[in-house]
Amino acid sequence: MSETPDSAVRTYIDDHRAAFLDDLMEWLRIPSVSAQPEHAADVCHSADWLAAKLSETGFPTVEVWPTDGAPAVFAEWPSEDAQAPTVLVYGHHDVQPAAREDGWAGDPFEPVIREGRLYARGAADDKGQVYFHTLGVRAHLAATGRSAPAVHLKLLIEGEEESGSPHFRALVEKHADRLAADTVIISDTGMWSADTPTVCTGMRGLAECEITLHGPEQDIHSGSFGGAVPNPATAAARLVAALHDEHARVAIPGFYDGVTALTDRERELFAELPFEEAQWLRTAKSAATHGEAGHTTLERIWARPTAEVNGIGGGYQGPGSKTIIPSSAMVKLSFRLVAGQDPDHIEEAVRAWAADRLPAGIRHEVTFGAATRPCLTPLDHPALQSVVRAMGRAFEQPVRFTREGGSGPAADLQEVLGAPVLFLGISIPSDGWHAPNEKVELDLLLKGVETAAYLWGDLGENWRHAD
């Protein structure tokens with residue numbers, strides 16, 4: 001009996017496992033820490049190393065794209081089917097700083113395999129999850145007898161994600177024609193657990209601001225002037241107190257305009273996850289949950305917008321007392337946004353709210369930083385269904401759904417390219433991203449390889465049915 005595609009994929013992965021891991025460990029030895037200037041040459045070396053390996057994999061077009069910071073790597077492999085969908089895979093090759101004295105068991109840039117786990121900085125975030133695509137596409141070709149993928153396959157692997165992606169949007173805008181895609185696959189994420197494979201369907205956006213309040217031209221005596229002039233520290237406290245209503249909903253008028261509400265089905269799917277609130281609270285280092293009434297904890301952190309006070313200050317903060325009315329105070333706020341919310345509208349709403357809440361005699365300034373837009377892919381999107389089917393084949397069990405409460409560069413890709421963003425990651429919470437002794441589970445890493453091998457054929461076969 002001839003091999004089925006599934007068994008052919010698994011056989012190919014098994015046969016090439018050792019060489020794949022040798023290559024990955026070689027890459028992990030390059031300390032591509034984008035946040036540390038002394039490693040700038042290493043980040044460039046990392047980009048060159050990856051470019052060479054992508055060429056070796058078979059990508060006919062591979063380029064290192066310079067930025068005003070660290071370089072990115074672009075690769076493209078057209079399908080022989082001109083009508084095939086175009087897929088762009090995103091990841092990053094830079095890593096977080098790491099040193100043995102931080103608590104590592106060994107040199108963080110000398111990979112080691114222990115008990116089925118590969119330990120090194122970048123093993124999970126994100127070199128391991130980038131590199132599984134090289135073996136995945138080769139397994140796809142070997143199992144199907146193709147000489148090119150079933151989709152037009154592109155990769156964009158940036159070099160500054162761990163430094164906040166300061167030049168990423170400009171890079172995407174500059175190369176938008178080259179990066180054009182029908183869908184984007186983000187391989188810089190994870191799963192619920194090793195026993196519960198999941199696909200992320202969206203990320204929240206982010207808007208941040210600082211509100212500076214000015215009262216008297218200098219600190220003044222609280223006995224001589226207290227109770228007779230406005231106090232900017234009191235105004236800051238009142239502003240913070242007015243941020244939420246008694247149901248923990250954000251009280252800024254217009255804040256919820258356009259919010260895409262959770263469907264009943266989405267709420268059911270969240271509820272199916274094996275979530276233990278007590279364990280979650282221990283991870284959060286908190287004694288109790290709190291948030292918008294009418295929503296579960298997972299709904300609050302994944303699918304509802306938030307407003308948080310990140311800092312508040314003003315007046316004397318040294319030892320003892322200093323009886324003054326301070327001349328200034330400040331509040332730092334951040335807003336996590338969900339699908340349907342516009343960061344520009346949020347900025348206008350916050351400015352109007354602050355102006356309306358502050359008393360006469362308090363001058364104020366509101367300063368916003370660059371915003372990140374939210375992204376969300378509907379559950380019935382055909383490309384998402386392909387990811388779910390491919391992961392289900394690899395893991396041989398049902399795949400569930402999550403979202404991410406944080407934010408990232410995925411929204412820039414969605415906004416500039418106009419393509420839905422999907423997430424394919426195999427990392428689990430215990431992998432210790434950004435922490436000492438970061439690792440990746442080798443069984444899961446190879447499941448990522450297998451998922452990628454199935455995905456391109458599934459997309460190529462089923463995408464047209466949705467056109």
Side-chain angles (χ1 to χ4, degrees), residues 2-13 16 54-55 57-62 74-91 129-157 177-187 189 197 199-201 377-396 399 410 413-414 417-426 446-467:
S2 63
E3 288 185 317
T4 65
D6 286 27
S7 63
V9 164
R10 289 168 182 157
T11 296
Y12 188 91
I13 293 171
H16 294 82
L54 292 175
S55 294
T57 297
F59 282 86
T61 299
V62 180
F74 172 77
E76 183 173 10
W77 197 338
S79 174
E80 293 175 345
D81 180 359
Q83 301 304 311
T86 300
V87 181
L88 173 67
V89 174
Y90 164 87
Q129 300 202 92
V130 167
Y131 204 61
F132 75 57
H133 284 286
T134 62
L135 184 53
V137 69
R138 286 160 47 205
H140 162 63
L141 298 177
T144 60
R146 294 174 176 272
S147 58
V151 298
H152 302 301
L153 185 58
K154 302 178 181 180
L155 272 65
L156 178 63
I157 313 302
D177 290 345
R178 302 283 306 278
L179 296 170
D182 295 302
T183 190
V184 177
I185 303 289
I186 305 291
S187 283
T189 184
V199 172
C200 176
T201 62
T377 302
L379 291 175
D380 60 356
H381 193 284
L384 176 61
Q385 291 305 310
S386 287
V387 174
V388 171
R389 283 191 294 268
M391 183 173 275
R393 285 174 69 182
F395 283 84
E396 298 183 287
V399 175
L413 290 165
Q414 177 179 264
L417 303 180
V421 172
L422 310 174
F423 298 84
L424 171 56
I426 50 75
L446 296 176
K447 290 296 185 185
V449 173
E450 191 177 344
T451 299
Y454 299 142
L455 178 58
W456 311 135
D458 194 295
L459 280 169
E461 179 181 352
N462 294 291
W463 186 263
R464 290 175 188 78
H465 298 167
D467 290 346

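These numbers come from the heavy atoms of this one structure, side chains and all, not from hydrogens, waters or symmetry mates. If you're wondering where the values come from, they're calculated on a predicted model, not measured in any experiment.
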For Gln385, what residues pass the side-chain contact (heavy atoms from CB on, under 4.5 Å) criterion, not counting sequence neighbours? Arg389
For a 4.5 angstrom cut-off between non-hydrogen side-chain atoms, does Leu424 reach His133? yes
Going from CG on Leu54 to OG1 on Thr61, what distance comes out if it is rounded to the nearest 0.5 angstrom? 11.5 Å
Shortest non-hydrogen contact between Gly457 and His140, atoms and distance: N-CE1, 3.7 Å
Any heavy-atom pair between the side chains of Thr134 and Phe59 that's under 4.5 Å? no
What heavy-atom pair brings Lys154 and Leu179 nearest, and what distance separates the two atoms? NZ-C, 3.8 Å
Determine the minimum heavy-atom distance between Ala148 and Glu80, stating which atoms define it. CB-CG, 3.9 Å
Rounded to the nearest 0.5 Å, how far apart are CD of Glu396 and NZ of Lys447? 5.5 Å
Nearest heavy-atom pair of Val421 and Ala410: which atoms, and what distance? CG2-O, 3.7 Å
With a 3.5 Å distance limit and no angle check, can you tell me whether Gln129 reaches the backbone of Thr189 through a side-chain donor-acceptor pair? yes
Please answer whether the main-chain N or O of Pro420 pairs with a side-chain N or O of Thr183 as donor and acceptor at a distance below 3.5 Å. yes
Under the ring pair (Phe, Tyr, Trp, His ring centres under 6.0 Å) rule, collect the residues that match up with Phe74, sequence neighbours excluded. Trp65
Does any non-hydrogen side-chain atom of Leu459 lie less than 4.5 Å from one of Asp182? no
Between atom CZ of Arg146 and atom CG of Asp81, what is the distance when rounded to the nearest 0.5 Å? 7.5 Å
Got Pro78 and Pro60 here, is their nearest side-chain heavy-atom distance under 4.5 Å? yes
Would you say Leu141 and Trp456 make side-chain contact, with heavy atoms under 4.5 Å? no
Quick one: CG on Leu156 to CZ on Arg178, what's the gap to the nearest 0.5 Å? 11.0 Å
If every non-hydrogen atom of Ala453 is compared with every non-hydrogen atom of Val9, which pair is closest and at what distance? CB-CG1, 3.8 Å
Atom pair CD (Glu76) and CG (Leu88), whose distance is rounded to the nearest 0.5 Å: 10.0 Å
CZ-CG distance between Phe423 and Leu384, expressed to the nearest 0.5 angstrom: 10.5 Å
Side chains of Ile185 and Val387, heavy atoms from C-beta outward: is any pair under 4.5 Å? yes
Could you tell me whether a side-chain N or O of Ser79 sits under 3.5 Å from a main-chain N or O of Pro149, the two making a donor and an acceptor? yes
What one should report as the nearest heavy-atom pair of Trp77 and Ser147 is CZ2-O, 3.7 Å
Would you say Asn462's side chain and Asp458's backbone share a donor-acceptor pair under 3.5 angstrom? yes
